[in-house]
Structures are given as structure tokens and as C-alpha cells.
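Remarks on the structure that follows.
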Amino acid sequence: MPADITKPSRLPNPSRMLLADESAEAYDTLLTEYVEDLSPVGALERRQVELILRCDLDIDRQFRMIAQHLNPLGEEVSRGAEMVREWHRRELMHPSALNKLDEEQGEVLPAEPLTLPEGDERLTPLIAQRYAQRRELMEIHQREVASSERRRRQAIELLFKIQDRRNYEAIPDAEVLEALGDRGQGHNA
Amino acid sequence: MIEGRDTMRRHGAQARPAEEDILLYLERILGARPRAADLLEPGRDLAAALQFAECEARLDRAHRHYVEAQGVHRHDDFDHLQENLEDLMYFDWIEDRVKREAARRIMRLEHVSKRYANHEKKLAGRYLREAQSRRDRALEHYLSHL
């Protein structure tokens, strides 16, 4: 048995499976809880539990992304359009204003991240509009949710199968007694 | 250039994992690292375990690739092209109307960058599904030899 009891996810490093907004610590905590709930025995079962957790994280991640893409306050950033807009602006500016703009360029602060509004029904039409604009992306995320759920179901089935197998192995084999065979013959006769 | 990099990345996600990685998984599956002599001519049990270990390594690689693809919303090559074009717009082409118009139109091809990123996402999802089903089959095969 591998000596990884204290460190549940030695292989692979969980931070390599996470995005920047997800924490390896939270992953390990969740894994510990899953291990407590599903009581795996041995490396195979522990691995199955880890795969179930990963599917759950995938599902959660996809829903988070859908919510972010549908955020009506989020801006549709188009780098090309931004560049062309900036180019036109500079063309129309007076040379002295242009010099001043170049001096101030380094002082521009990045925009603060927008937070999602909660429970405002007036935003529904805007959300629907964003959904229509990003239909392809939405389809990809929804397909991934369905796929992750399917993977999760299969991982749970396999875990139960391995656990059942282990439980059956613990039951001693039945012994065939000769006397039973004689009684069976007598009964048939 | 785009095709070449795409192919390279695809091969990276689907290439055979390093032997050391496979051996780590094998050690985890068997509970101990097998002897080198056993690996040279593995029996049916060890061969099944080896195949399972390789599938595990492939699954983790595919999953890592899948997670990375989720955070990508644009194609790097297209962004690079846009940046180069921006430099040209400010320097050489500023007086040439035809070139300026061409540059403006290329800048408007934003959807191409997003489409490539979406393509990467779909591909990563497909690789993960394939790796998962292969791994599950290898696990069943391994269990049948226990």
C-alpha cells in the first residue's frame, strides 16, 4: 500500500488540475471529506474518490463560467476594436493633447472587476441577450456539464463495484457437504 | 503557423506519458514498485496493471489540458498578429489608405480568435472523455485479473 495516507493527493499535484481562482487547500479539504464519506480502502478506491471529486469540481467550474459569461455588467472586450478606436482617437487629437496623453499613459489604472448583481429581475432581458450572443460558448459549457455528470456517475458506479468486490472477497467460501447431496437425492426420489 | 502550433499542442495532450510517470502510477496500483526484470517480461497480471497505469497517466494529462483550456478565451497567435499589426499601423502604414483599411478589417476579425479558443475547448473535452473511457476499460480489465 502506498504511504500517502497523510497526503491524499500525492499523484498528481492537485494545483496542476486547478484554475487560478481555485485553491489546492480547498481541494485537499474536500478530498478529505469525500474520503471520510465514501470510506475508500486501498489505492484503487482512493483514486476513484479523487476522480469523483474532480468531476464535481469540473461541474462547479462550468457553472461558474456560464454565470460569468452571462453577467450583464460584464463588458464584451474586443481587442481589435479597442486598437482601432484608440488609433482613430489619436488621429483626431491635437498634437499637444497627444503629447499629454502619452505622458499620462503610464498612470492609467486597471478597471476594477465587476461584481455579479443578485436577484434583480430587470436584468433578465440583458442576460438573455448575452446568452444569444454567446450561444456557441454556452453550448460548449453545457455539454461539458453533461459530460462531467456522466463521468461522475460512472466513477461512482466503478467505486461501488470495487467496494462490492472487496466485500464479497471478505465472505468465506461455502463448503459443500456430502450429507446435503444425499438428502437432495432422497428428496428428488 | 497556427496549424503547426495547434498540432504540436494536440500531440502534447495525447502523447505517451513519460515512463517515470507510468511507473509512479504502477507503484500506486500495485502498492510497490515492481522489479525491472519483471517489467521486461510481464505476466498477464502485470501487463494489465501496466496498461492501467499508462491510462491513468494519460487521464491526468488529458484532465490537466482540459482545465488549462477552460481558462483560454482567445488564441495566442491571433493576439500576436494583432499586436504586430498595431505597431505597423502606428509606424509604416499611417499614410497608406489601402493598408490602413486592410489592417482595420483584420482587427475586426475578433471572432476568429474566439472560435479557435472554443475549438480548443471542444478538443480538450473530447480528449478527456476518450482518456476517461479508456482508463475505465483498463481498470475493468485489471480487476478481472485480480
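Chain letters run A, B, ... following the sequence lines, proteins first, then strands; residues in each count from 1. These numbers come from the heavy atoms of this one structure, side chains and all, not from hydrogens, waters or symmetry mates. Model, not experiment: these values are computed from the prediction.
Heavy atoms closer than 4.5 Å to chain B are found nowhere in A:D21, neither backbone nor side chain. With a threshold of 4.5 angstrom between heavy atoms, A:L57 does not approach chain B through any atom at all. Proximity to chain A (any heavy atom under 4.5 Å) is restricted, for B:R135, to the side chain, taken from C-beta onward. Looking at A:Q62, the atoms closer than 4.5 Å to chain B (heavy atoms on both sides) all sit in the side chain, from C-beta outward. When heavy atoms are compared at a cutoff of 4.5 Å, B:E140 approaches chain A solely by way of its side chain, counted from C-beta outward. Heavy atoms of B:Q132 lying under 4.5 Å from chain A belong exclusively to its side chain.
A salt bridge is defined here as a Lys NZ or Arg NE, NH1 or NH2 lying under 4.0 Å from an Asp or Glu carboxylate O, and A:R153 with A:E149 fails to meet this definition.
Aromatic ring pairs are classed by plane angle as parallel below 30°, tilted from 30° to 60° and perpendicular above 60°; the pair B:Y142 and B:F52 is parallel.
The closest donor-acceptor contact from the side chain of A:S147 to the backbone of A:R143 lies at 3.5 Å or more, if one exists at all. Remark: the backbone N or O of A:E139 is not paired with any side-chain donor or acceptor of A:R134 at under 3.5 angstrom.
Contact check for B:L39 versus B:L26: side-chain heavy atoms found under the 4.5 Å cut-off.
Using a 4.5 Å cut-off between non-hydrogen atoms, the part of residues 154-163 of chain A that approaches chain B consists of A:Q154, A:L158, A:K161, A:I162.
Checked by atom type, the side-chain pair A:S148/A:R151 shows a donor-acceptor distance below 3.5 Å. No side-chain N or O of B:D77 forms a donor-acceptor pair with one of B:Y116 less than 3.5 Å apart. When only modelled atom types and interatomic distance are considered, B:Y66 and A:E144 share a side-chain donor-acceptor pair under 3.5 Å.
The residue among B:R129, B:E68, B:R115, B:K121 with the most heavy atom pairs within less than 4.5 Å of chain A is B:R129.
Applying the ring pair (Phe, Tyr, Trp, His ring centres under 6.0 Å) test to every pair with at least one member in residues 119-156 of chain A, sequence neighbours left out, gives these pairs: A:H69-A:H141.
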